[in-house]
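So that we are looking at the same thing, I have put the structure below in structure tokens.
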Amino acid sequence: MPRCLYCGAVMTQVIVVNGGSSSGKSGIVRCLQALLPDPWLALGTDMLVEAMPASLQAADGGIEFAPDGEVVVGPEFRTLEAAWIAGVAAMARAGARVVVDEVFLGGAYSQQRWQKVLAGLQVLWVGVRCDAAVATGREGPSGWLRPRRKWSTRA
């Protein structure tokens, strides 16, 4: 008799997958979408950055990508990020199941902001870790195909 891989209803409404660049988060999210019985939307920080105007992708108040791979975020980025997080929560509250591909730009503070906005929803928190050598190998020989990011905040 085959073993039941999925038995019963999934109560989780949001899955937050957090980890560093090239740690495998996006692959995990795609696998979850393929394996879970219900449709799940995949949303992530990269999508937020791509949706921002170019003027904020190289500005002190927005988000900056330094030549060494460091990423610095400013107050305008934080304002848009807060609105985006609220929008993700609203989609979940409206009935969509959401998997979030996230890099906590501000460490524990970032998770706390998500926890506050997702309060009342069933959330599964997933931390993804990856050996630095493996992550570097995934970024390609030049390191610029998928830049490794050192997340920090500008006050």
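No experiment lies behind these values; they were computed from the predicted model shown.
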(request) Measure the shortest side-chain to side-chain distance between V16 and Q111 over non-hydrogen atoms and say whether it is less than 4.5 angstrom. (result)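 They are not in side-chain contact.
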
(message) For a 4.5 angstrom cut-off between non-hydrogen side-chain atoms, does W114 reach V123?
(response)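 In short, these two side chains do not touch, never coming nearer than 4.5 Å.
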
(message) Can a donor-acceptor pair be found, under 3.5 Å and without considering hydrogens, that links the side chain of N18 to the backbone of F104?
(response) yes

(request) Applying side chain to side chain contact (heavy atoms under 4.5 Å, CB included) between I15 and each of L124, D101, I28, report the one that passes. (result)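 Considering L124, D101, I28, a side chain to side chain contact (heavy atoms under 4.5 Å, CB included) with I15 is found only for L124.
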
(message) Counting C-beta onward and ignoring hydrogens, is there a side-chain heavy-atom pair between V100 and V17 closer than 4.5 Å?
(response) no

(request) For the pair R97 (side chain) and P39 (backbone), establish whether a donor and an acceptor sit closer than 3.5 Å, ignoring hydrogens and angles. (result) no

(request) Determine whether V98 and Q13 make a side-chain contact, defined as any pair of heavy atoms from C-beta on separated by less than 4.5 Å. (result) no

(message) Please determine whether side-chain contact (heavy atoms from CB on, under 4.5 Å) holds for the pair L48 and I85, giving the CA-CA distance in whole Å, both sets of side-chain angles, and the decisive distance to 0.1 Å.
(response) CA-CA 10 Å; L48 168 64; I85 291 171; over 6 Å; no

(request) Determine whether V14 and Q122 make a side-chain contact, defined as any pair of heavy atoms from C-beta on separated by less than 4.5 Å. (result)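 No, too far: nothing below the 4.5 Å cut-off.
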
(request) Let me see the working for V49 and I63 under side-chain contact (heavy atoms from CB on, under 4.5 Å), right down to the final yes or no. (result) CA-CA 8 Å; V49 172; I63 186 166; 3.9 Å; yes

(request) Give a yes-or-no answer on whether the side chains of T45 and E102 include a donor-acceptor pair shorter than 3.5 Å. (result)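 The answer is yes; a qualifying pair exists.
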
(message) With heavy-atom distances below 4.5 Å as the criterion, would you say the side chains of V29 and W40 are in contact?
(response)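 The answer is no; the side chains never approach within 4.5 Å.
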
